[in-house]
Amino acid sequence: MKRRNFIKKASITGLACTLPPVFPLYSDDEYSVDELMGKADIELFGKGINLRKEAFEAFQKMKKAAYADGFDIKMVSSYRDFYRQEAIWERKYLRFTEDDGMEPLEAIDKIIEYSTIPGTSRHHWGTDIDIIDGYPKVSGDVLVPEKFETGGPFADFKLWLDENSEKFGYYLVYTDEPKRRGFKYEPWHYSYAPISIPMLTAYRKLNILRLLQYEEFLGCEHFTSGFLRTYIQDNILDINQALL
Ligand SMILES: [Zn+2]
């Protein structure tokens, strides 16, 4: 049930005063809270692609166009559910705190240079992709900014994306602007704007602070409301302006 309707209905029947002051479990939009947090079983399309239908179709068109221009778009990561993000988070948290001996808050700051807090990833939406060119031979990690810069194996591919991705609805999320805060520059991460913009709008209406208080993954007991407010402002909202 939509929250606005619920409150309206509740007040008609005289129940409004018995409601808790914060009521975060419904979103006002067509996307459920579980869906926005990567906990819903959504329908995904394309073997090894795993995107929402419209995003998948646009991706196929972009892939075809890139292929004609000599690039073989390879999906490194697309849909990722809450539990997968939780596993990534906890693995990094343990590595930084136990192996590297960092303090919890230091470890959390280090994790959020590139990884999201579970429940806050754009990869939960089935609209966002991490891509590379499958043609060049590459050693080591592929999702490294230098590999997309001049002299790197994906430099020409990046120029092609700059020129063409938006024609297919795909926009760079974490841009290379010096004043941008939050996640670092990710030349590989694109988002299918026609769906991700309304999803972000719905997501912003949630009480994310409150929702994260229900979670129990490692390290979350160190989140303060100040930390989370900054995280939301910088990591979730300080992105390519075209995606807001
Ligand atoms: Zn990504």
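Numbers here are sequence positions counted from 1.
Residue pairs satisfying the ring pair (Phe, Tyr, Trp, His ring centres under 6.0 Å) criterion with at least one member in residues 33-54, sequence neighbours excluded, are absent. Sorted by first then second residue, the salt bridge (charged side-chain N to carboxylate O under 4.0 Å, His left out) pairs that include residues 119-141, not counting sequence neighbours, are R80-D130, R122-D128.
Using cut-offs of 30° and 60° for the angle between ring planes, the W89 and F217 rings count as perpendicular. Below 30°, between 30° and 60°, or above 60°: for F59 and Y170 the angle between ring planes is above 60°, a perpendicular geometry.
D176 is linked by a side-chain contact (heavy atoms from CB on, under 4.5 Å) to Y185, counting only residues two or more places apart in sequence or in another chain. With sequence neighbours excluded, no residue forms a ring pair (Phe, Tyr, Trp, His ring centres under 6.0 Å) with Y135. Evaluation of the ring pair (Phe, Tyr, Trp, His ring centres under 6.0 Å) rule for F148 yields F154, W188 as partners, not counting sequence neighbours. When the side-chain contact (heavy atoms from CB on, under 4.5 Å) test is applied to Y83, the partners found at least two apart in sequence or on another chain are K39, D81, E86.
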Determine, stepwise, if the pair K110 / E103 fulfils salt bridge (charged side-chain N to carboxylate O under 4.0 Å, His left out). CA-CA 11 Å; K110 180 83 181 152; E103 292 299 324; over 6 Å; no
I would like to know whether E57 and K53 meet salt bridge (charged side-chain N to carboxylate O under 4.0 Å, His left out); could you show each step before the answer? CA-CA 6 Å; E57 287 164 357; K53 190 166 187 282; 3.1 Å; yes
Stepwise, does the side-chain contact (heavy atoms from CB on, under 4.5 Å) test hold for T127 with M199? CA-CA 9 Å; T127 56; M199 288 194 84; 4.2 Å; yes
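For the pair E35 (side chain) and A40 (backbone), a donor-acceptor distance under 3.5 Å is absent.
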